[in-house]
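Input: a single structure, listed below in C-alpha cells.
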Amino acid sequence: MNNTPADRSSEPLLQVQDLQVTFKTDLADVRAVRGVSFDVYPGETVGIVGESGSGKSVTNLALMGLVPKPPGRIDGGQVWYDGQNLLELDDRSMQSIRGHKIAMIFQDPMTALNPLMTVGQQLTEMTRLHLGLSKSAANDQAADMLELVGISNAKKRLRDYPHQFSGGMRQRVMIAMALSCQPDLLIADEPTTALDVTIQAQILELLRELQEKRGTSIIMITHDLGVVAEICDRVLVMYAGQVVEKAEVKELFANPQHPYTKGLLRSLPRFDQVTDSLYAIPGQPPDLGNLPAGCAFRDRCDVSVEQCSQEAPELYSLHDGRLVSCFVAKEEASNA
Amino acid sequence: MPEAQTSDNQPLLQVDDLKVHFPFSRGSFLNPERGFIRAVDGLSFDIAEGETLALVGESGCGKSTTARAIINLVKPTSGTVRLNGDDITGLDDKSMMQHRRVVQMVFQDPIASLNPRMTVGDIIGEPLKIHGLAKGKDRKLEVLRLMDLVGLNPRFLNRYPHEFSGGQRQRIGIARALAVNPKLILCDEPVSALDVSIQAQIVNLLRDLQQQLGLSYLFIAHDLSVVRQIANRVGVMYLGRLVELGDSESVYENPTHPYTEALLSAVPVPDPELAASRDRIRLRGEVPSPDKQYPGCSFADRCPLVEDQCRSERPEHKSIADEHTIACWVRQ
C-alpha cells in the first residue's frame, strides 16, 4: 500500500484519451487497444490489470511511442504530457522524453539489457545523453543509483556485465537505469513476473520506497491481482482492448462491479483458503481480429442480457465516482 | 480437495535419499575450477495411491530435476526411486518402458511439449501406439474418449496444436499423459504459463480427474496459492533439500521452518486491507548458487534465526506435529 497520498487535486501528470491501436496482419486488422482513456496524477500508482492479449502492454508501448509501425498503427487518441500530445511528437522530441521524463522497466531484464555492455556503460549512457553529465559525474551517479536499489559494492559492480547478475539483481539494475534521470513517470510492465516470490516482495518494497522518496508516479502493468493489492492506488481492468472497470484499489477488491472483474477475483486461488471448486470464467477471450458486435465479454458473461449482444456498453460513471462498462452493473447501481 | 486413499500396503512412489549432481568446469582452460551443481541433494518422500504431494520452492531449488530424475529423464547420482515397490532408479529407456505406463508427466509449456507437426489425434494416440495398447479404429475411439474426458471438443481431432489456446493445449498434454492409464502423473508447473481464469479451469480438471480415476500427483509449482487448492501434502524445497514436509493444512496454517514462513509471507494476497496490515518476514539476499557445499543448514546464510550449530551441523528431519516434519535446529 502506498503511504504517500497521491495529489489528485492538481493537474494530472499524464492524460490518455481514447487511444486506439491496430495491428495489421494477413488475416485481419487486430484491434489491440480500442479507445482507452485514463489519467495519472503525480505520486500515484495506477495498476493496469488484464490477461494476455487484453491490450495492457500495447497501451503503454503506444504512449512511449514504441509500437512497431508497421504492422502497428495508432488509429486515434491523444496522450497529453506537459502540454504536448506525445502521439504527435517527432522521433527526436520523443527521445528527449523517453527514458528521461518517462521511463520504462520490462518483464525480462535479460533481454532488456545489452549483454555486450557493462552495467556501468548502460547506466551512464542515459545520464550523459539526457542530463549532459561528464563521464566521471555520470559514473558517480550510476554508483549512487545502484546503491539506492540495494546493490552492494556498487562501484565495483559497475564494471560487471548483465550475465554476472542474478534475475532479481538484473531487475534492480533495470530500475536503477529507469530512475537515473529522475523521471516523473515510471511504467513498469510486469516487473516481477519472472521473479521468485521472495525477490518479488523485495522489488515491490523497493518501488514503494523509491516512490516515497522521489514522488515518482508509477503505471504498474500486471496480470497478478495480488501485486495490484500490494502496491496500487487505483486500478484499470482491461479486457479485449478496452477498460471495463476503473476504481480505487480497495473498492475494486471489496466491491467489484464488472462481471469480468468479479469472475477474475473469484477465480483467484488464495494460499490462506482452500476452495472446493475454483470458479473458472468459462470460454476464452474473443479474437481481436474478429470482434463480435456488442459487449466483448458477452459470451463468457453469466448475467448478460439481450442489449449486450446488440450494442457495446460505454464506460458508465456510477454514483461513487467509479467507472464500469456494463449495462447490467449500471442498471443495478441506478436501482440501488 | 479429494481425500487421499490410505492403503495398508506400500506407497505408490518411494524416493529415498535422491541426489542429482551435475558436474561443471569453469574458469580458464589451463586451470579450471571443477565442481558439482547439487541440484537435488538428498531428498526423501513418498506418495500414496490417490494422493497429491506438492513440491514448492523458488527457481533452482531442484523441484523439476526431482521429477525428471524420477522418470529417468536425468540419471540420479545416488539414492533410490521405487515405483510399486520396484526399484526403477537409473533404468535405461528399454527397461523403463513398462514403468512409463504407470508414471507419466505433464509439462509446463504446452507449446514446447507438443509436436507442432502432429494433429491432436496423433499426439494423444502416440502413447497408445508406442505401448501397443490400441490400433486403428480402437485407437481413434480411445483418443476421442480421452479428448472428451479432459474437456476438448472431439471435433478438433484433426487440428494442430497452434490452433488451440494455452489452456486447451494443456488439456491436450493431460490427455496424452492419461492415454496409458497411469497411476501417477508428475505435473511440472502445469498452470504457471496460463492466465488466471484459465488456470482455475485446469486446476479443477486435475482435481476431477483425480477423483474419477484415483490418480496420484506429484505437483510441482512455485505458486503457493495454487498448491493449497490441490495438495494433500506439501514439501518445501530449498537448495536441493526438503526443509519442511507435511500435511498441507498443517504446513499452511502452521509454517514452522523459517524459510517456509518467509516464503508464505512473501506471497501477495489479493486483498488490499490484509496486504497493508499483515506481518512479513523479509529475506535478505537471494538463493545462493547450488555449487557450494554446506556442512550445516543450507539456509543458514539467509536465516533470521541462525545460530552457531546451524552452520556446522546439518539438521535432520524431525517431527513437530502429526505428519509434519522440519529440518531446523532452532525450531525443532
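Letters go in sequence order (proteins before strands), and every chain restarts at 1.
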**Report entry** chain A contact via E273(B) - which portion, at a heavy-atom distance below 4.5 Å
**Finding:**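 For E273(B), the contact with chain A is made by the side chain alone.
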Report task. Please flag which part of V267(B) lies under 4.5 Å from any non-hydrogen atom of chain A: side chain, backbone, both or neither. Result -> both
Report task. Consider only side-chain N and O atoms of R38(B) and Y294(B), and report whether a donor and an acceptor are under 3.5 Å apart. Result ->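 No, because no side-chain N or O of R38(B) sits under 3.5 Å from a partner of the opposite role on Y294(B).
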Report task. Report yes if some heavy atom in the side chain of M220(A) is under 4.5 Å from a heavy atom in the side chain of L204(A); otherwise report no. Result -> yes
Query raised in the report: Between V269(B), N204(B), L224(B), V226(B), which has the largest tally of heavy atom pairs under 4.5 Å with chain A?
Result: N204(B)
Report task. Considering only heavy atoms and a distance below 4.5 Å, find which of I281(B), V196(B), D208(B) pairs most often with chain A. Result ->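 Most heavy-atom pairs within the cutoff with chain A belong to V196(B).
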**Report entry** Ring-ring centroid check F156(B) F164(B), cutoff 6.0 Å
**Finding:** yes
Report summary line: Between Y239(A) and P285(A) the two heavy atoms that sit nearest each other are OH-CA, 3.4 Å
Query - Heavy-atom pair of closest approach, residues T256(B) and R331(B) - result: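 Heavy atoms only, the tightest pair is O-NH1, 2.9 Å.
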Report summary line: Taken to the nearest 0.5 Å, the spacing of D160(A) CG from L146(A) CG works out to 10.0 Å
Query raised in the report: Quick one: CD on Q211(A) to CD1 on I231(A), what's the gap to the nearest 0.5 Å?
Result: 7.0 Å
Given a strict heavy-atom distance threshold of 4.5 Å, which part of [X] is in contact with chain B: side chain, backbone, both, or neither?
X       : value
E205(A) : side chain
R266(A) : neither
Q200(A) : side chain

Query raised in the report: Do you know which of S267(A), A254(A), S152(A), P282(A) has the most heavy-atom pairs under 4.5 Å to chain B?
Result: S267(A)
Requested in this report: Look at I281(A), L225(A), T198(A) and state which one has the largest set of heavy-atom pairs under 4.5 Å with chain B.
Outcome: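 The residue among I281(A), L225(A), T198(A) with the greatest pair count is T198(A).
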